[in-house]
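For this chain, numbers begin at 1 and follow the sequence in order.
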Amino acid sequence: MKRQLRIYKPFTRAGLLEMVAYRVNFIFFLLGEIMQCFVMFFVWKAVFDSSSQETLYGFSYDNMVVYLFITFLCGYITYSDGTYVIGKEILDGSIAMRMIKPVNFDMCFLFQELGGKIFQLLIVFLPITVGVEGYRWIVNGAFMMDVPMFLLFIVSMILAYGINFFFNVCYGFLAFYLKNLWGTDIIKGVIVGFLSGATVPLAFMGTFGQVLGFLPFASLSYTPVMIYMGMYSGAQIIFYMSLQLVWLVAFVLLSRLILRSAMKRLVVHGG
């Protein structure tokens, strides 16, 4: 284990330095995501203002505010651009150099992304978490954070990132076959956002939402957010976190199978 960490440590450092070097790009991307989050906030505010009921499908207005911002936070922290990076390297031919290195193909991407996550945790995770808890304290007149539940939320979010990373790696490997994933990657993002409950909570979708809860996409966002908000019972937490672990293992194994098959079809463009 120590040897593996020593091998991949430079990739983590490179990811951190890349995030710092392109901080303007990071800031504008973050501002764009925040603006999208506030758009959804005003949409749901209009929905609750126009409703005669104080709660909708178990969500009060205050619950929905917390849901929106924690969903944004979870989606941002667990975001992985493996699809874009792999597709770009296949398109320009630079993937050939990565293939000849004596390191694991997907672990290079993973540790490089982890470097950027360190920066994001400090700049994004802590301020938004403090802000959300401040809002809950003002609304409820008491400190609402359940420390054990928050720790489970962290673990669930780590599992969500692992699922998202290897899912995107699997999707990125399709570039071996399709050559260019730019357009399909945009479509994938919209579909995943809907199926994960990031756009509309799965509780609002009735039976269809219950079915979606078993798919890997719900594990990316809905599961950790519901744990954070304390809207899952103990049995539900165990079940859905176990489901996250199952999907993580499934995508790790699937990425290995796809890579073995895709390597036989590698055609380098450019380079």
Nearest heavy atoms of Phe153 and Pro224, plus distance in Å: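 Heavy-atom minimum between the residues: CD1-O, 3.0 Å.
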Can you name the nearest heavy-atom pair linking Phe125 to Phe150, along with the distance?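 It is CZ-CZ, 3.9 Å.
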Donor-acceptor contacts under 3.5 Å from residues 226-244 side chains, at least two apart:
from   : atom 1 : to     : atom 2 : distance (Å)
Tyr228 : OH     : Glu133 : OE2    : 2.3
Ser233 : OG     : Gln236 : N      : 3.3
Ser233 : OG     : Gln236 : OE1    : 3.4
Gln236 : OE1    : Ser233 : N      : 2.9
Ser242 : OG     : Ile238 : O      : 2.6
Gln244 : OE1    : Ser156 : OG     : 2.8
Gln244 : NE2    : Ser156 : O      : 3.1
Gln244 : NE2    : Ser156 : OG     : 3.2
Gln244 : NE2    : Ser219 : O      : 2.9

Would you check if Leu56 and Gln53 make a side-chain contact, meaning some heavy-atom pair closer than 4.5 Å?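 SC-SC contact between Leu56 and Gln53 confirmed.
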Flag the pair Phe143 / Arg136 as yes when at least one side-chain heavy-atom distance between them is below 4.5 Å, and no otherwise.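 The answer is no; the side chains never approach within 4.5 Å.
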Quick one: CG on Leu159 to OG1 on Thr78, what's the gap to the nearest 0.5 Å?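 It is 11.5 Å, given to the nearest 0.5 Å.
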What do the steps show when you test Glu113 against Ser80 for side-chain hydrogen bond (donor to acceptor under 3.5 Å, both in side chains), and what is the final call? CA-CA 8 Å; Glu113 280 198 355; Ser80 173; 3.0 Å; yes
Should Tyr79 and Val169 be regarded as members of a common hydrophobic cluster, given that ILVMFWY residues are connected when their side-chain heavy atoms come within less than 4.5 Å of each other, either directly or indirectly?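 No: no chain of side-chain contacts under 4.5 Å links Tyr79 to Val169.
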Between side-chain atoms of residues 66-76 and protein atoms elsewhere (two or more places apart, or another chain), which donor-acceptor pairs fall under 3.5 Å?
from  : atom 1 : to     : atom 2 : distance (Å)
Tyr67 : OH     : Gly197 : O      : 2.5
Thr71 : OG1    : Tyr67  : O      : 2.6

Tell me whether the centres of the aromatic rings in Trp44 and Phe38 are closer together than 6.0 Å.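 Centroid distance Trp44-Phe38: not below 6.0 Å, so no.
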Sort out for me which residue in Phe166, Phe167, Phe217 forms a ring pair (Phe, Tyr, Trp, His ring centres under 6.0 Å) with Phe251.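 Of all the options given, the one that passes is Phe167.
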Could you tell me whether the side chains of Asp62 and Tyr135 share a donor-acceptor contact shorter than 3.5 Å?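 Side-chain D/A pair, Asp62 to Tyr135: present.
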